[in-house]
Amino acid sequence: MIPRNSRSFGREILVPGDKSLSHRSVLFSVLSKGTTYVSGFLEAEDPLNTMHAFSRMGLKVDKKGSGEYLFTSPGKSDLHSPSGELDFGNAGTGIRLSAGLLCGIPGIHAILTGDASLRKRPMSRIMKPLAAMGASIRGEGDKAPLKIEGRKLESFSYKSPIASAQVKSCLMLAAMASETTLDYEEEILSRDHTENMLRYLGNRIEYESPTHFKISPPYRFEPAEFRVPGDISSAAFFLVLGLLLKEGSILVRNVGLNPSRTGILKALEAMGGRIRIHNRRVECGEPVGDLEAISSNLHFAEIPESWLPSLIDEIPVLTIAGLFAEGGFKIRHAKELRAKESDRISAMVENLRSLGIEVWEYEDGYEFSEPTKNGVSSELDSWLNGKGGNILTNMDHRIAMSFMILRAATGLPLDLDETSWIETSFPGFEKKLDSVLL
Ligand code: S3P
């Protein structure tokens, strides 16, 4: 019912470096006294803010080329307190992981803050367990700015009520910085990049089950080399576009394929999407490969709760694929979407409704039937007839990019109120989008 209007043949692209790994490459460099070499670093606002924050505390940053850096750390005990606030911009990962690390370094005093979107996001999820480890961390209520006085923390066991890699990594970094033990359990595995980096540096993690582990000192942090692959969350926009082509395919090379991140591939395949993986390999402890998305007919598929953490960031663009699925689209168990850069449940529901799609909203998700010719609303009719539609992006990069994919796939006009947020994770997105289509 929604027309497909794009073609792409033989187009190969690279996407910028993985955001999660880029943040972590800075944090592990800080812990490793000496010089760490990082390539593929995502030069976007979010990880650059993390890099700048630690450069103000003594991390020496030497840019060698595009995405290539030498980070030289004086060692965690020789970091100094920054003068003035540390601004993490739009980045939940930046502020939450850095808060953990700084809470565990005795003598560091810092105030961590961010933009209007970040200052609305919940911080109690890290403040409570950090306080239980003995940390001194105070917010404005449960929001940033966060005032931290670093100190030696106590060993800690935590059963997390949410599957969040930010919470998990925050506590792991706090334990590492403080040379103390952490026993951590979550119900569903969240992304495990922090665990992979810790192991890559030669540390052991004791597992009781795949979602319950313990880390203990002495930790080993020696300067290493991190090669950051392309971000599957950024590749996802082009994979969905590839599936929605009228004809052809798109190949995205050098993408991180950590199984705790590849839920988007499972979901798209369950919906009938044809995605081929080529050239699988392991780099710096992380699986990597090339992904080819081929024009496909899509249909409804149930998305089980157990897949949610592994595709949480991709739900906006998965929803765009869902608009083309025979039988409609449904996402549930996704309450965490309300705590992202925007409330992504309400952002998606409201934008789809403004285009005339009938959407049922739930506290933890939404659903819609396949937009059909019968009973088409006047707004949908107007959009499908090329009269344009308006999208509110709510300071959220992924909402903006998702609707740009819808515009590219259909060729129908859509006006986005503001797209500058895309700089937080994917500089050059629009140019790349123009470059893949014929
Ligand atoms: C991230 C964890 C996820 C994800 C975010 C990056 C990370 O957040 O949404 O974009 O790098 O640890 P939560 O831990 O809040 O689910």
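If you read the sequence from its start, that first residue is 1, and numbering goes on from there. Just so you know, ligand 1 is whichever comes first in the structure, and atom 1 is the first atom listed for that ligand. Keep in mind the model is a prediction, meaning the values are calculated, not measured.
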- Task: Examine Val167 against ligand 1 and note whether any of their N/O atoms are separated by less than 3.5 Å.
- Result: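 No.
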Check each atom of ligand 1 against the heavy atoms of [X] and keep those under 4.0 Å away; list them by number with element.
| X | value |
| --- | --- |
| Ser164 | 13 (P), 14 (O), 15 (O) |
| Asp313 | 4 (C), 5 (C), 9 (O), 10 (O) |
| Thr93 | 1 (C), 5 (C), 6 (C), 7 (C), 11 (O) |

- Query: Taking the inter-plane angle between the rings of Phe426 and Phe429 on a 0 to 90° scale, is it parallel (under 30°), tilted (30 to 60°) or perpendicular (over 60°)?
  - Reply: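 Plane angle over 60°, so perpendicular.
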- Is the distance between the ring centroids of Tyr200 and Phe28 under 6.0 Å?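 No: the rings miss the under 6.0 Å criterion.
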- Task: Report the part of Lys168 (side chain from C-beta onward, or backbone N, CA, C, O) that has a heavy atom under 4.0 Å from ligand 1; answer both or neither where that applies.
- Result: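 For Lys168, no heavy atom sits under 4.0 Å from ligand 1.
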Can we say [X] and [Y] salt-bridge, meaning some charged N sits less than 4.0 Å from an Asp/Glu carboxylate O?
| X | Y | result |
| --- | --- | --- |
| Glu179 | Lys76 | yes |
| Glu305 | Arg332 | no |
| Asp192 | Arg199 | no |

- Please examine the side chains of Thr36 and Ser73, heavy atoms only from C-beta on, and report whether any two atoms are closer than 4.5 Å.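 Contact flag for Ser73/Thr36 side chains = no.
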- Message: Out of Arg125, Glu314, Arg24, who is nearest to atom 7 (C) of ligand 1 when you count heavy atoms only?
- Response: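 Considering heavy atoms of Arg125, Glu314, Arg24, the nearest to atom 7 (C) of ligand 1 sits in Arg24.
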- Task: Compare Lys340, Gln166, Arg191 and give the one whose heavy atom is closest to atom 16 (O) of ligand 1.
- Result: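 Result: the heavy atom closest to atom 16 (O) of ligand 1 is in Lys340.
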- Query: Looking only at protein heavy atoms, which one is nearest to atom 11 (O) of ligand 1, and how far off is it?
  - Reply: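 Here the closest protein heavy atom is Ser20 OG, 2.6 Å.
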